[in-house]
Amino acid sequence: MPLQYTLLQQCPDTLARRGRVHTEHGTIETPCFMPVGTSATVKAMSTPELEDLGAEIILGNTYHLYLRPGHEIVREAGGLHRFMNWKHPILTDSGGYQVFSLSERRKIREEGVEFRSHLDGSKHLLSPELSMEIQRALGSDIVMAFDECPAADQPKHYVAQSMERTTRWAKRCRDTELGSHQSLFGICQGSVFPDLRKEHAQAIVDVGFDGYAIGGLSVGEPNEQMYAMTELVTPLLPQDKPRYLMGVGTPHDLLEGIARGIDMFDCVMPTRQARTGWLFTRNGLVKMKHAEHKRSHIPLDEECDCHTCRNYSRAYLHHLFKEKEILGMRLHTIHNLHFYLTLMRRARQALEEGRFESFRKSYLRYPGPAETGRSS
RNA sequence: GGAGGGUUACCCGAGUGGCCAAAGGGGGCGGGCUGUAAACCCGCUGGCGUACGCCUACGAUGGUUCGAAUCCACCACCCUCCA
């Protein structure tokens with residue numbers, strides 16, 4: 001049985017919607033944020049900790065798990081859920097993002113993408129069929145179609161042909177058999193070109209998927225364009241299927257995405273930034289590496305009730321960071337994920353209570369790109 | 001008492017006549033990060049000045065030289081070995 005989406009409530013002021021995604025590994029309340037666990041781990045977190053934080057679904061990555069440990073080993077272990085001890089839903093990315101992020105190491109052909117492994121330089125051809133095969137072995141609940149994520153600076157003629165190839169790949173993914181509990185999401189590309197975005201949204205809907213993702217954004221384009229493309233595409237997607245904005249984003253981006261009809265988000269931002277010393281609060285970023293925290297014997301965020309803020313001071317977190325202590329990364333990650341997941345929980349509550357629009361405007365007390373007019 | 005080695009910027013350390021305000025680390029101080037090649041990457045780090053530059057600096061002092069962190073003399077301190 002593929003996943004089922006239940007639309008619970010629609011925002012009276014925006015395109016936002018409150019819903020629920022049902023999978024065999026459990027239910028996901030939407031809009032939701034999905035912590036990224038590329039290599040079968042949300043870096044620095046154990047799975048019970050993720051449960052405590054309230055994560056309902058996490059990501060894994062096809063490309064990385066294929067290279068190491070190898071999808072056959074994960075299959076042997078009983079699938080990714082058992083391998084990493086996560087009982088709840090998992091979404092796996094297809095490797096399409098690595099076409100972008102590892103662009104110097106690959107060649108795109110109609111058949112697929114030839115990668116030189118970032119680990120040992122060995123050559124691999126990742127095709128739509130292989131991506132499906134790997135994701136079937138991983139046993140994720142939501143499988144992403146194999147796409148090409150073009151960089152933001154690509155010219156229109158390139159984006160157009162790339163997008164058409166992504167459509168052909170989408171069909172090949174659709175035609176590959178998956179596990180009975182697995183659902184397949186298609187990905188809309190088209191970069192920042194409105195006509196291409198519309199055209200591709202229609203093409204992907206025509207192929208027919210269990211859910212729809214908007215990809216190829218947050219890859220360097222100005223923020224307004226990311227928002228504009230999102231609100232252009234979501235109305236073209238079926239109401240009864242979940243929509244996923246891939247790789248987004250900042251706390252403001254999440255609120256703006258929800259307002260434009262997005263149900264699911266993922267981003268490395270809370271976890272990566274945690275490890276590199278940026279902490280999110282409703283009043284803005286706290287850069288824990290800064291010397292100003294050396295003697296700051298107060299919590300990171302007075303109004304936060306996460307484990308980190310309830311138990312440790314800025315001075316201590318700063319010390320751990322400077323010392324490169326592993327606990328610092330863990331405590332930072334706990335806080336940032338708590339912040340993101342709490343943001344989403346409160347957004348859902350606001351939607352239920354019909355006050356999402358005022359929530360969107362007031363929750364974050366520091367200016368985002370929409371307020372400052374900055375372009376990126 | 002004798003023989004040898006050493007003293008370079010906040011720390012370690014390279015440099016043995018001009019290309020040296022001085023390599024490289026570390027530390028310090030910043031910047032960055034959006035489907036994770038990320039416990040990572042990039043700057044700056046003697047003073048003043050936007051800059052050409054000027055000043056102060058390679059243990060101390062004196063000297064050789066057009067020119068010295070670099071060569072010489074002497075002094076101080078540290079290390080190793082032999083008595």
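Being a predicted model, the structure only gives us computed values, none of them experimental. Here is the naming used below: chain letters follow the sequence lines, and residue numbers restart at 1 for every chain.
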Should [X] and [Y] count as an ion pair when the cut-off is N to O under 4.0 Å?
X        : Y        : answer
A:Arg20  : A:Glu56  : no
A:Arg165 : A:Asp147 : no
A:Glu292 : A:Arg314 : no
A:Arg360 : A:Glu256 : yes
A:Lys361 : A:Glu357 : yes

Neighbours of RNA chain B within [range], by heavy-atom distance under 4.0 Å:
range                       : value
residues 241-251 of chain A : A:Met246, A:Gly247, A:Val248, A:Gly249, A:Thr250
residues 276-298 of chain A : A:Thr276, A:Trp278, A:Lys287, A:Lys289, A:His290, A:Ala291, A:Lys294
residues 185-213 of chain A : A:Ile187, A:Gln189
residues 82-113 of chain A  : A:Asp93, A:Tyr97, A:Gln98, A:Ser101, A:Leu102, A:Glu104, A:Arg105
residues 26-52 of chain A   : A:Val36, A:Thr38, A:Lys43

All side-chain contact (heavy atoms from CB on, under 4.5 Å) counterparts of A:Ala315, not counting sequence neighbours: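 Scan of A:Ala315 (side-chain contact (heavy atoms from CB on, under 4.5 Å), adjacent residues dropped) gives A:His297, A:Ser313.
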
Validation row: A:His318, A:His290 side chains within 4.5 angstrom (heavy atoms):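 A side-chain contact is absent here, since even the closest heavy-atom pair is not under 4.5 Å.
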
Within-4.5 Å side-chain heavy-atom neighbours: A:Asn61 and A:Gln98: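 Answer yes - side chains close enough.
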
Touch class at under 4.0 angstrom, heavy-atom based, for A:Gly216 against every strand present: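 Base contact.
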
Touch class at under 4.0 angstrom, heavy-atom based, for A:Asp253 against every strand present: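 The residue A:Asp253 makes base contact.
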
Nearest to side-chain heavy atoms of A:Gln273, which nucleotide of B:G27, B:A37, B:C33: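 Of B:G27, B:A37, B:C33, B:C33 is nearest to the side chain of A:Gln273.
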
Ring pair (Phe, Tyr, Trp, His ring centres under 6.0 Å) contacts touching residues 5-49 of chain A (sequence neighbours left out):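 Found A:His25-A:His81, A:His25-A:His181, A:Phe33-A:Tyr340.
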
B:U34 OP1/OP2 closer than 4.0 Å to side-chain N/O of A:Arg272: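 The answer is yes; a side-chain N or O of A:Arg272 sits under 4.0 Å from OP1 or OP2.
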
A:Asn61 side-chain N/O to B:U36 phosphate OP1/OP2 under 4.0 Å: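 For B:U36, OP1/OP2 do have a side-chain N/O of A:Asn61 under 4.0 Å.
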
Distance, rounded to the nearest Å, where A:Phe321 contributes CZ and B:G31 contributes P: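 Nearest whole value for this atom pair: 12 Å.
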
Length of the line joining A:Leu184:CG and B:G35:C1', which is rounded to integer Å: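 Rounded to whole Å, this separation is 15 Å.
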
Donor + acceptor pair across side chains of A:Thr333, A:His335 (<3.5 Å):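 The criterion, which ignores hydrogens and geometry beyond distance, is not satisfied for A:His335 and A:Thr333.
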
Partner residues of A:Glu49 under the salt bridge (charged side-chain N to carboxylate O under 4.0 Å, His left out) criterion, sequence neighbours left out: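 Partners of A:Glu49 by the salt bridge (charged side-chain N to carboxylate O under 4.0 Å, His left out) criterion, ordered by chain and then number, come out as A:Arg330.
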
With sequence neighbours excluded, residues passing salt bridge (charged side-chain N to carboxylate O under 4.0 Å, His left out) with A:Arg365: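 Residues passing salt bridge (charged side-chain N to carboxylate O under 4.0 Å, His left out) with A:Arg365: A:Glu303.
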
Check: residues 237-249 of chain A side-chain donor-acceptor pairs under 3.5 Å, at least two apart:
residue  : atom : partner  : partner atom : Å
A:Arg243 : NH1  : A:Gly261 : O            : 2.9
A:Arg243 : NH2  : A:Thr234 : O            : 3.4
A:Tyr244 : OH   : A:Asp266 : OD1          : 2.7

A:Phe339 and A:Phe280 aromatic ring geometry - parallel, tilted or perpendicular at 30°/60° bounds: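 Aromatic pair A:Phe280/A:Phe339 classed parallel.
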
Close N/O contacts between protein and nucleotides 44-46 of chain B (under 3.5 Å):
none

Donor-acceptor pairs under 3.5 Å, side chain of residues 268-277 of chain A to any protein atom, not counting sequence neighbours: which ones?
residue  : atom : partner  : partner atom : Å
A:Thr271 : OG1  : A:Val268 : O            : 3.0
A:Arg275 : NH1  : A:Thr271 : O            : 3.2
A:Thr276 : OG1  : A:Arg272 : O            : 3.3
A:Thr276 : OG1  : A:Gln273 : O            : 3.4

